Amino acid sequence: MALSSQWVRDWVARSAQHISDNRTELIRLDREIGDGDHGENMDRGFKAVSAKVGELPADASPSDVLKTVATTLISTVGGASGPLYGTAFLKASQAVKDHAELDSAAVVDMLRAARDGIVSRGKAEVGDKTMVDAWSPAVQAAEDALAQEATEQQVLAAAADAAKAGSEKTDPLIARKGRASYLGERAIGHRDPGSVSSALLLMAAAEVSA
Amino acid sequence: MALSSQWVRDWVARSAQHISDNRTELIRLDREIGDGDHGENMDRGFKAVSAKVGELPADASPSDVLKTVATTLISTVGGASGPLYGTAFLKASQAVKDHAELDSAAVVDMLRAARDGIVSRGKAEVGDKTMVDAWSPAVQAAEDALAQEATEQQVLAAAADAAKAGSEKTDPLIARKGRASYLGERAIGHRDPGSVSSALLLMAAAEVSA
Amino acid sequence: MKKIINDPSEVVAEALQGMALSHPELTVATDPDYIRRADAPVKGKVALVSGGGSGHEPLHGGFVGYGMLDAAVPGPVFTSPTPDPIVDATKAVDGGAGVLHIVKNYTGDVLNFETAADLALADGIEVRAVVTNDDVAVKDSLYTAGRRGVAGTVLVEKIAGASAQRGDDLDTVAGIAEKVNAQVRTMGMALTPCTVPHAGEPSFELAEDEYELGIGIHGEPGREKRAMEPADAIVDRMMTAVVEDLPFESGDNVLLLVNGMGGTPLVELYIAFRRAHAFLAERGITVTRSLVGNYTTSLEMQGFSVSVLRLDDELTQLWDAPVQTAALRWGR
Amino acid sequence: MKKIINDPSEVVAEALQGMALSHPELTVATDPDYIRRADAPVKGKVALVSGGGSGHEPLHGGFVGYGMLDAAVPGPVFTSPTPDPIVDATKAVDGGAGVLHIVKNYTGDVLNFETAADLALADGIEVRAVVTNDDVAVKDSLYTAGRRGVAGTVLVEKIAGASAQRGDDLDTVAGIAEKVNAQVRTMGMALTPCTVPHAGEPSFELAEDEYELGIGIHGEPGREKRAMEPADAIVDRMMTAVVEDLPFESGDNVLLLVNGMGGTPLVELYIAFRRAHAFLAERGITVTRSLVGNYTTSLEMQGFSVSVLRLDDELTQLWDAPVQTAALRWGR
Ligand SMILES: Nc1ncnc2c1ncn2[C@@H]1O[C@H](COP(=O)(O)OP(=O)(O)O)[C@@H](O)[C@H]1O
Ligand SMILES: Nc1ncnc2c1ncn2[C@@H]1O[C@H](COP(=O)(O)OP(=O)(O)O)[C@@H](O)[C@H]1O
Ligand SMILES: [Mg+2]
Ligand SMILES: [Mg+2]
Ligand SMILES: [Mg+2]
Ligand SMILES: [Mg+2]
């Protein structure tokens, strides 16, 4: 069953919950190879997003909700992840502009647009130890699922699983973008915090579509 | 046998040795209820005193040697203890001005003058938890010994024992002079560092007279 | 974690309130937060706006005033500000001659200032950006996010600020800022980590006999931990990296900045300055201007950085020009 | 202990060398050590000499210059200087109008400056001494060595320095210094101890959830350890002691100084300033002048003090008068 604008709202709420539950863990990860603020940044951002989305009119389209997510993240998160996630949701919003509901194809378009937004803004490639290492396999998995005529929920579940696996694969990498890139070999053995938060967001998306 | 100017030189050398051996302990005591520099101050001072006394002509009188000790301490120790010990040795030097050798009476005069110098300069009384708590019983014991017609060495041994006992008696006191006075009741249970260095100096005096 | 704070999430807001109360010559906007000269916009003058995460004080708020910045935009501790306050500050200080953004090279700062510049431009304000990247600790910058902007940023702000104050146009001010950035090199070290208030735990761990060489200013670990050694040996290691990088050469006149990371006593900074000065003298490089103190910090971190800036007559004159800010002041 | 030093016993000497290299406007004498204005003696001007143990930087060397001190005499870390350098400095800056010694009330400082004054007098120099004792943490001063001189000393030096600079005679300058000392009160606290280089170990111990209230500036323990609490509660406690002591009263105009102990980030000092300012406002006391920063430190100690000085028109004018020193500068 195609996903409604309520699904986007649920996604936001569940994301806020996951980020809040994992705030300390994200801070810890970012302290290891960054500056220790990722959990705080994301938690501040998604708390604001929850509030803003709650103020939207009942008839807001999926695209409208996603746009509010984008602008709120841009104006509350800061750091590197703020503009990157902001761009991701902005592009996602544009990708589903004319949809009252999202079918599997639209979901894939949305995810791909988000990933492309992050890449165009941050110039990171897969293997650079960033959130792209979660998003790119997620999009790939979603596309593969769509080719198998998967439901929306199956597409999102595939994306979430792939994001989680992609995030875990950042452990042995040397970073080439973001703060962790300053550490050289010392980044090896640590997971990229942005890839973890990305996997959390995609898990939330899958969960609320079930 | 009356004490010669060589005895004063030996006293200086032994004092420098004791202070150097107890530098860390004096620092520790001063850290507890002061500012942690007493061992360093005294060690710097007595190293300088040793050097200066070594430069004196062979025929320098006991008073001459004591005066060099005084001026060197004044110009190298600093802090509270520098002027106080400086004054002590200056007054001691004046007290034995005309003596080529020091008999028991002269030794007592010398110790009393030193104590009086400290008191006049620092205005501390017995029980104020300062070096006076070592010097005053030392002078008293020396006077008592003299009344019993003690030898110079017996006078000095009595003074040293009394100084050590007096120093130990500072443990339970609240300080009324010096930095420890700022601590109020928190000074209780700690020994006054200046009383310990005073006892070391008087022990050195007794040892080299044996 | 022990800090003189109330609520960790109110640290920046409350500090700004304190700053406003103690510096009537500054105007502090809240919601969104920025600090500007009370007399801004100065008509016809190019305006300078800088900003970035908080925790580097006095950078940047302490450098707002005559002859330096027109506004500073503080983000949360160690987190770049979002575009909104940058846009607001940019609009508030634009005197019609355009605005120069001075941005330290961190992904977050660059992206947020970029967005802000786009938005300001959409409102008809001419904005140029200079991205500072003086940190030589980051090697192989082709394979990283690029070199970091650290304490050299203060020198860029002072000298470009003097250029704007004397009436130079936006191209000229931006050109001078670029020139300073191109001629300055910095290297930092830390004896202790720092603790971000909302994180509550130290940013990295260091044994009692180790130091971190090549740290940035965000409590991030450096390039390597080394066994503790005397000040002179540490300074030589840092100065070698700095001097060889540009490279600085015999005959150069330079400004030498020894910058404390926040928790280092001034006596130690002077000891480091003494050796850095001798290091340069041994190579025929003359220190003609100097600055010693806490100018670009990492909260309470103990450590310091050395920056060397090659000077010519123009840069020297602009350095000497009057400046009147909370943290840097002379000639007025 | 980790410090940016070489030999612990050379800390002061090497720091002075660094200071000399970075401040050509100062003349640094070594053996014995003192720092003086390069243009001293200023003929006909009362000269101000201060000094005390090192480790409180920028106090006192950072306050040597136009409108403030003529010379500063640094002892070893936390140890008052001996009379010799005080006498030398006194002679070197006497411009024929007499010399004012500004001495913090510690037994060592008082005794060594006394001896120096006697010796200078014997050489025909007129010397007066003002002993500062602004620390309200020391109670029952009849039963102690008396109250300590702490951060309020900076205010005495600035204001008396301005009095001397405008040409007042020795009696007047000394009177103004006494007046400032009589009108200023200070209270300090620490989150962490500090480590004297030659001692090698921290000056006291504090648990992760405790602070020391009523510390001095020598790493000596305070009057009591307390459970950690929010900044506002700590400030209220300190301000209550300060305000009730003089007492400061509704209608007073005051200078409020929030002074860092060396290792406290500026953001935290501004947070403390914010509350101290509100505390005074609630009591009808107006902050007309303020100063926030590290001015009288205890090496790398984390903590701060608050000082309040009651102002009248004359003191305000003297505070505002130009000053040009390494650490305090305005109007020139
Ligand atoms: N250029 C980039 N492209 C994609 N992702 C990036 C890039 N730079 C940083 N990131 C992501 O941002 C995360 C850090 O975000 P955050 O800690 O909030 O910001 P900051 O690094 O400014 O403190 C990293 O873990 C990484 O996943
Ligand atoms: N007023 C005084 N009278 C006598 N002795 C004093 C007085 N003040 C301090 N002292 C002695 O000086 C000692 C401290 O000396 P020191 O640590 O060298 O100097 P400071 O206290 O200046 O750091 C104290 O332990 C005490 O015995
Ligand atoms: Mg981060
Ligand atoms: Mg002491
Ligand atoms: Mg950050
Ligand atoms: Mg001392």
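Below, chains carry the letters A, B, ... as their sequence lines are ordered, and counting in each starts from 1. These figures come from a predicted structure and were not determined experimentally.
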Turns out that what part of A:Arg121 lies under 4.5 Å from chain C's heavy atoms comes down to both

For the side chain of A:Glu25 and the backbone of A:Asn22, is there at least one donor-acceptor N/O pair under 3.5 Å apart? no

Answer key: most heavy-atom pairs under 4.5 Å with chain C among A:Gly184, A:Gly82, A:Gly178 is A:Gly178

Given heavy-atom pairs under 4.5 angstrom as the criterion, report whether the side chain, backbone, both or neither of C:Pro85 touches chain A. neither

Under 3.5 Å, side chain of A:Asp30 to main-chain N/O of A:His38, donor-acceptor pair present? yes

Salt bridge (charged side-chain N to carboxylate O under 4.0 Å, His left out) for C:Lys3 and C:Glu14? Distances and angles first, verdict last. CA-CA 14 Å; C:Lys3 291 182 178 287; C:Glu14 292 187 0; over 6 Å; no

Contact class of A:Ala124 relative to chain C, heavy atoms under 4.5 angstrom: neither

May I ask you to test the C:Val11-C:Ser54 pair for a side-chain heavy-atom distance under 4.5 Å? no

Checking heavy atoms, do the side chain of A:Arg23, its backbone, both or neither come under 4.5 Å from chain C? side chain

Chain C contact via A:Glu32 - side chain, backbone, both or neither, heavy atoms under 4.5 Å: backbone

C:Arg147 with C:Asp245: basic N within carboxylate O range, under 4.0 Å: yes

Is there a side-chain contact between A:Arg179 and A:Ile33 in this structure, where contact means two heavy atoms from C-beta onward sitting under 4.5 Å apart? no

Is C:Glu205 close to chain A through its backbone or its side chain, or both, or neither, when contacts mean heavy atoms under 4.5 Å? neither

Side chain from CB out, backbone as N, CA, C, O: work out which of these in A:Ile27 comes under 4.5 Å of a heavy atom of chain C, or both, or neither. side chain

Decide yes or no on salt bridge (charged side-chain N to carboxylate O under 4.0 Å, His left out) for C:Lys91 and C:Asp88, but give the supporting numbers first. CA-CA 5 Å; C:Lys91 287 186 189 168; C:Asp88 281 18; 5.5 Å; no

The interface call for A:Thr87 against chain C, heavy-atom contacts under 4.5 Å, is neither

Are more than 12 heavy atoms from other residues, nucleotides or ligands located less than 6.0 Å from atom CD of A:Glu185? no

Where does A:Arg176 contact chain C at under 4.5 Å (heavy atoms): side chain, backbone, both or neither? both

Shorter than 4.5 Å, heavy atoms on both sides: which option in C:Gly75, C:Ala137, C:Pro81, C:Pro76 has the most such pairs with chain A? C:Pro76

Which bit of C:Phe204 comes within less than 4.5 Å of chain A, counting heavy atoms only: side chain, backbone, both or neither? neither

Who wins among A:Ala80, A:Gly79, A:Gly78 for the most heavy-atom pairs under 4.5 Å with chain C? A:Gly79

Quick one: what part of A:Asp37 sits under 4.5 Å from any heavy atom of chain C, side chain, backbone, both or neither? both

For chain A, which of C:Asn112, C:Asp109, C:Val138 has the most heavy-atom pairs under 4.5 Å? C:Asn112

Can a salt bridge be assigned to the pair A:Asp161 and A:Lys164 using a cut-off of 4.0 Å between side-chain N and carboxylate O? no

Any donor-acceptor pair under 3.5 Å linking the side chain of C:Thr297 with the backbone of C:Met261? no

